[in-house]
Amino acid sequence: TLAAKQKNPLGQSFPKPIPPDACFAEALWPHALARHPWKHLRNISIGFNFQRLTLRFCSSTSATNVPPTSKMKEEEFCYTLLTCSKLQTVSLLKDLQDLTENVAVAGDTRNSDSGKVIIENDDPIVLDALAAAVGNSLGVVCHFQILHQYWNKGDRGLVRRLCVVTDNKLFLFDENYLGDGYKVEDTTMANCRSWGKPKYQIVDEAHLNQIVSVEAAAFDPRALTISIRPTSRLYRAHNWRLICQDREGAERLVEDVRKVVDISAM
């Protein structure tokens with residue numbers, strides 16, 4: 001544009017092209033908010049059904065206006081990686097284990113070295129959070145998948161949801177995480193040890209006898225539609241239009257919903 005040419009009279013291109021002999025270590029990182037050596041990784045939490053990974057880093061930084069004997073303070077960083085795919089999560093976890101030298105499994109008393117990276121499973125945390133959201137009437141979880149909901153009408157775009165299939169109901173949840181800004185009070189350093197823990201809120205639910213059909217969408221192998229019968233004649237039937245991360249996730253969800261519906265009808 002003319003404005004760009006006036007600001008750049010030499011006609012230099014921006015961004016500048018990458019030289020063919022450039023190395024990754026020579027690259028500039030102008031937009032990095034934080035960078036962590038792998039030696040600062042302290043904890044890897046595997047999400048329920050391998051839908052995500054939570055990484056916790058702990059690094060020491062110099063503090064100002066403190067006594068000389070206390071010039072180092074620890075900062076906590078928590079990152080939730082939403083893969084929404086078991087295959088991607090397993091592959092990423094393997095890469096992380098290859099990058100970190102000292103790995104220990106949570107609960108293994110033989111590995112008490114504080115310098116080791118602890119790998120744990122957050123299944124108990126997720127199940128407790130789900131039970132709290134539905135009032136302790138969750139039932140047996142038969143399927144758990146992070147996906148997106150979409151609508152045919154209106155300009156609503158994709159909304160991230162959690163779909164949970166139990167032995168008596170189907171649920172759609174909003175999934176948030178402590179420290180992600182959903183609630184300001186959860187972002188304080190006093191709660192940093194709990195950062196990354198999931199919190200759920202029910203968006204919609206249906207009993208298995210309300211499920212009319214579960215069909216894969218024709219336009220995208222990752223998409224499916226669940227048709228739900230209303231509980232009263234005063235209400236209309238409605239559809240959950242869902243799109244998964246990959247085709248395998250959609251096929252598995254269709255199969256699991258049909259299976260629990262068939263079992264409940266016996």
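Taken together through direct or relayed side-chain contacts under 4.5 Å among Ile, Leu, Val, Met, Phe, Trp and Tyr, Leu53 and Phe57 form part of one hydrophobic cluster. Hydrophobic clustering, with ILVMFWY side chains joined whenever heavy atoms are under 4.5 angstrom apart, keeps Leu170 apart from Tyr200. Hydrophobic clustering (ILVMFWY, side-chain heavy atoms < 4.5 Å, transitive): Ile228 and Val164 are in distinct clusters. Cluster annotation: Phe77 is connected to Val117 through the hydrophobic network of ILVMFWY side chains, with a link wherever side-chain heavy atoms come within less than 4.5 Å. Under the 4.5 Å side-chain heavy-atom criterion for ILVMFWY residues, a single connected hydrophobic cluster contains both Val254 and Val257.
Side-chain contact between Arg52 and Asp122: present, with at least one pair of heavy atoms (C-beta onward) separated by less than 4.5 Å. Thr54 is not listed as a side-chain neighbour of Leu81, based on a closest heavy-atom distance of 4.5 Å or more. The shortest distance between side-chain heavy atoms of Arg56 and Ser45 falls below 4.5 Å. Glu251 is not listed as a side-chain neighbour of Leu224, based on a closest heavy-atom distance of 4.5 Å or more. Residues Glu205 and Ile202 have side chains in contact (heavy-atom distance under 4.5 Å, counting atoms from C-beta outward).
Of the possible donor and acceptor atoms, none in the side chain of Ser213 sits under 3.5 Å from a partner among the backbone N and O of Glu215. Checking side-chain atoms of Gln51 against main-chain N and O of Ile146 turns up a donor-acceptor pair under 3.5 Å. Checking side-chain atoms of Asp246 against main-chain N and O of Gly249 turns up a donor-acceptor pair under 3.5 Å. Checking side-chain atoms of Arg42 against main-chain N and O of Lys39 turns up a donor-acceptor pair under 3.5 Å. The backbone N or O of Arg229 lies less than 3.5 Å from a partner atom in the side chain of Gln210, making a donor-acceptor pair. The main-chain N or O of Lys169 is found under 3.5 Å from a side-chain atom of Thr166 such that the two form a donor-acceptor pair. In this structure, Ser91 contributes its side chain and Leu87 its backbone to no donor-acceptor pair below 3.5 Å.
For the atom pair SG (Cys142) and NZ (Lys259), the distance works out to 9.0 Å, reported to the nearest 0.5 Å. Note that CZ of Arg156 is 4.0 Å distant from CH2 of Trp151, once rounded to the nearest 0.5 Å. Distance CG/Leu55 to CG/Asn43: 8.5 Å, rounded to 0.5 Å. To the nearest 0.5 Å, the span separating CG on Asn168 from OG on Ser264 amounts to 9.5 Å. Atom CG of Leu158 sits about 9.5 Å away from atom OH of Tyr150, to the nearest 0.5 Å. Taken to the nearest 0.5 Å, the CG atom of Leu96 stands 5.0 Å off from the CD1 atom of Ile44.
Here the closest heavy-atom approach between residue Leu253 and residue Cys163 is recorded as CD1-SG, 4.1 Å. In terms of heavy atoms, Phe173 sits closest to Ala133 at CE2-CB, 4.0 Å. For the residue pair Cys84 and Gln245, the shortest heavy atom distance occurs at O-CB, 3.5 Å. Considering all non-hydrogen atoms of both residues, Leu138 and Ala131 come closest at CD2-N, 4.4 Å. Minimum interatomic distance between Trp195 and Cys78 (heavy atoms only, all atoms of both residues): O-SG, 3.5 Å. In terms of heavy-atom proximity, Gln149 sits nearest to Arg161 at OE1-NE, 2.8 Å.
Here the rule is side-chain contact (heavy atoms from CB on, under 4.5 Å) with Val203, and of Leu162, Leu172, Val159 only Leu172 fits it. Screening Val260, Val140, Ile226 for a side-chain contact (heavy atoms from CB on, under 4.5 Å) with Val165, the sole residue that qualifies is Val260.
Within a 6.0 Å radius of CZ in Arg258, more than 12 heavy atoms belonging to other residues, nucleotides or ligands are found. Counting non-hydrogen atoms of neighbouring residues, nucleotides and ligands closer than 6.0 angstrom, the NE2 atom of His36 exceeds 12 such neighbours. Around CG of Asp155, the count of heavy atoms belonging to other residues, nucleotides or ligands within 6.0 Å does not exceed 12.
Side chains of Gln145 and Asn49: a donor-acceptor N/O pair is absent below 3.5 angstrom, by distance only. Using modelled atom types and a 3.5 Å distance limit, the side chains of Asn239 and Thr225 yield no donor-acceptor pair.
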Task: Audit row: Arg247, Asp220, side chain to side chain contact (heavy atoms under 4.5 Å, CB included) steps and yes/no - done: CA-CA 9 Å; Arg247 180 173 185 168; Asp220 191 333; over 6 Å; no
- [ ] Apply side chain to side chain contact (heavy atoms under 4.5 Å, CB included) to Val214 and Trp240, showing your working.
- [x] CA-CA 10 Å; Val214 184; Trp240 293 356; over 6 Å; no
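Salt-bridge check for Arg252 with Asp256: failed, with every basic side-chain N at 4.0 Å or more from each acidic carboxylate O.
Ring orientation note: the planes of Phe48 and Phe144 are tilted relative to one another, at an angle of 30° to 60°.
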